[in-house]
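Remarks on the structure that follows.
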Amino acid sequence: MATAEQQRPRVLDLLVPAPSVKACCHSGGGVGGGPEAPVVALVGAPNTGKSTLFNALTGARVTMGNWPGTTVEVSRGLWKTTTAAATCTCDECTCDDAEQRLDITLVDLPGAYSLDPHSPDEELTRQLLVGVPDDERPDLCVVACDASRLANSLYLVAQLRERRLPILVALTMVDVAAKRGITVDPATLSQALGCPVVAIDPRRRAGLEALAAAVRDGLGGPAPAPRPVPSTTDQLELDDDRFGWIAGAVAAGTSAPAEHARTFSDTVDRWVTAPVLGPLIFLGVMWLVFQITTAVAAPLQDLLDGLFAGPVSDGATWLLGSLGLGGSWVEGLVVDGLIAGVGMLLTFVPLMTLMFVLLALLEDSGYLARAAVVTDRLMRAIGLPGRAFLPLIVGFGCNVPAISATRILPSARQRVLTALLVPFTSCTARLTVFVMLGSVFFGPYAGTAVFAMYVVSIHLVVLAGLVLRRTLWRTMGTDPLIIDLPAYQVPTLRLTASVTWVRLKGFLQTASGIIVATVCAVWLFQSIPTQPGQAFGEVPVAQSAYGVAAQAITPVFAPAGFAQWQTTSALVVGFVAKEAVVSSWAQTYALEEPSGADPGSLGERVRSDFDASSGGHPVPAALAFMVFLLAYTPCVATLAAQWREIGPKWTLFGVAMQLATAWLLAVAVFQVGRLFW
Amino acid sequence: MYVGTDLARAPLGTHLTLLDSPAPESVCQRLSSLGLRVGTRFSLLQKTAGGGRVALVNGSRIALGADLLGQLRAEVAR
């Protein structure tokens, strides 16, 4: 998830009007370089390394990946350039003579192959580049172009060069081009294009100083004269002219073998996109991801669990006791609330880290683009293009950015349908509950049980899609699959670590925000008495406002086998955030025990309750609970994202659909399962 | 010799020239911006899951869905 300042697409004044480069080295601050800083827009076709370059230049960290559609919102960051030769133009400069700085506001625009938009994202890029008044345009456009397939990257350059815009071409993937026998002469190419060309390697942060110098030079000079174009409105004739210009530039600035040799990527693709083997490899890769995640993370989880339940809780109890707060509501809030709740949540950090690392490796390697090809037929069956797979696969990480990623789809109806299906993809927050229940109820088969939830998740997406496609979306057309396949690359440690950290940070921020608030709210309601004669904070949980409310809705889940109020209340908390389900259990069970009694492990308590509520069929009841958890509303943040993208009507429709689906499936799983277990 | 055939029936690993496309304008524009336009020389590298093909166009690998193949006509390049 991006942590750089995310901009709403409707806000078209995001480019700070700053035509002048008069900026002091000490100006700026926060995200972006301040109102006086020049604005540089980063544009280019999808998958040319644009977001990686943005990250390398600003450190602001946007989500990066080796597949199209990674940047779905506009991100802005501060690019600090330094040069000994710079001349500061501010009136009262206090810059160090030896090293003067120019802070630049760098804006990362969504990927676009051309200025002819096919999706809201591309429309936004076009609007911000050429659809706003001159004084609101960026001071310079850096166009990222893939050197290994230069001709395709230059179409956007051709269109931009038809206007009076200062542009600079940043050549990426030069190493990939070299492996294919393609050499590029930046100087000659620069002459042919009529704009500066700089070769860089953003993945390894090479050439960035040269790029900074070229940008500073470009900001100081006038925009080049537009290249002449035929005076016609005929699109075909204009395209002929553009492709002729591109071919001329490529011929002048590059040399390539006459025949395209079969590359390593081609060889790998023969297997991973093959008709039968491709889908099997896809399933195998996904199974391996979840198997590794659960097997490696489990011992680390146990270690952290012991740490929080033991020394941390004991230490806090001792400290509060020595402060005279032992046995008070403060101890309850700190030990049974914050430590039991957030502490439990933090034990899932190893699990989340592993999952994010593996997903980052798949993205950076280029495999996920192939996964979109392999799943195209599946997507088409529910009336969606292969591109819809991309937001859906993002949903397996987190549903919130996945909802935003639906903007890469060209049709509004496709976006609504995809946004309604995304909540059925099993995000990593749900994974925490699956892993815990898997360990408790399935022992050595926990990994397979968790994997089964992902298979169920995929089937839910397909089935819900089929139902909607044949009812409300009967008349929707579909666009054919056209997807640019990037070359496979060896994932870099820096990029993988960076993406993992960004996502882990997002998870931890959620933990310290929504989750802490939720845990405190749960504790508060568990402390409010419902019967006369009870004091605040000294009430049995079952008789608290929390317990009474949960008991009121519990009978609804009797046909699904998990009609115990502790679990029902965890589901209510899970509506806010799934990360809080396990912590809610921990909190409830911790408070439930009379002081001094051995509460047993959380897993034992959960198993015992499922055993009681299911009439001796805990395994199907646990499965039913997992299915319910998978299918109902993911979290309030996802609802907020849906509200923003598809409006209140469809959001509420989605909530109702998910709750109905979840309950029906859970009942079916339990009623059938109890016949066998 | 395959002359004027749609891409679903065009041979793999052979240089082809795109002849025409009755596909919708938005699809043609998308293909065009990826370098695949009438007169372009390209080749099909392989079949993919779902019945599509991977086309090699100016050094780029572009996956084309099965639905699209029938709408693109090409001939073996001379």
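This one's a predicted model, so the numbers in the text were calculated from it and none came from an experiment.
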Legend entry - A:Phe282, part contacting chain B, at a heavy-atom distance under 4.5 Å: neither
Inset, instruction - Can you tell which part of B:Val38 gets under 4.5 Å to a heavy atom of chain A, answering side chain, backbone, both or neither? - result: neither
Legend entry - B:Gly65 backbone acceptor or donor facing A:Arg380 side chain under 3.5 Å: no
Inset, instruction - Please check if atom CZ in A:Arg377 has more than 12 non-hydrogen atoms from other residues, nucleotides or ligands closer than 6.0 Å. - result: no
Inset, instruction - Flag the pair A:Asp269 and B:Arg61 as a salt bridge only when some basic side-chain nitrogen lies within less than 4.0 angstrom of an acidic carboxylate oxygen. - result: no
Inset, instruction - Would you mind checking which part of A:Thr263 comes under 4.5 Å of any heavy atom in chain B, side chain (CB onward), backbone (N, CA, C, O), both or neither? - result: both
Inset, instruction - Name the option with the most non-hydrogen atom pairs under 4.5 Å to chain A; the candidates are B:Ile62, B:Leu31, B:Leu34, B:Val27. - result: B:Leu34
Inset, instruction - Output the option from B:Ser26, B:Gly51, B:Ala49, B:Ala55 having the highest count of non-hydrogen pairs under 4.5 Å with chain A. - result: B:Ala49
Inset, instruction - Flag the pair A:Asp116 / B:Ser33 as yes when at least one side-chain heavy-atom distance between them is below 4.5 Å, and no otherwise. - result: no
Legend entry - Shortest non-hydrogen contact between B:Gln46 and A:Arg270, atoms and distance: OE1-N, 3.3 Å
Inset, instruction - Find the one option among B:Ala66, B:Gly35, B:Ser60 whose heavy-atom pairs under 4.5 Å with chain A are most numerous. - result: B:Ser60
Inset, instruction - Measure B:Gln29 against the heavy atoms of chain A and call it side chain, backbone, both or neither at under 4.5 Å. - result: both
Inset, instruction - Could you list all the salt bridge (charged side-chain N to carboxylate O under 4.0 Å, His left out) pairs where at least one residue sits in residues 31-48 of chain B, not counting sequence neighbours? - result: A:Asp240-B:Arg37
Legend entry - Contact check, side chains of B:Leu68 and A:Leu481, non-hydrogen atoms, under 4.5 Å: no
Inset, instruction - Output every pair passing salt bridge (charged side-chain N to carboxylate O under 4.0 Å, His left out) with a member in residues 146-163 of chain A, not counting sequence neighbours, ordered by first then second residue. - result: A:Asp146-A:Arg149, A:Arg149-A:Asp484, A:Glu162-A:Arg227, A:Glu162-A:Arg242
Legend entry - Partners passing side-chain hydrogen bond (donor to acceptor under 3.5 Å, both in side chains) against A:Ser255 (at least two apart in sequence or in another chain): A:Thr183
Inset, instruction - Let me know if B:Leu56 has heavy atoms under 4.5 Å from chain A in its side chain, its backbone, both or neither. - result: side chain
Legend entry - chain A contacts, top residue of B:Thr48, B:Val54, B:Leu69 (heavy-atom pairs, under 4.5 Å): B:Thr48
Inset, instruction - May I ask you to list the residues in residues 272-280 of chain A that approach chain B closer than 4.5 angstrom, counting heavy atoms only, ordered by number? - result: A:Thr273, A:Ala274, A:Pro275, A:Pro279
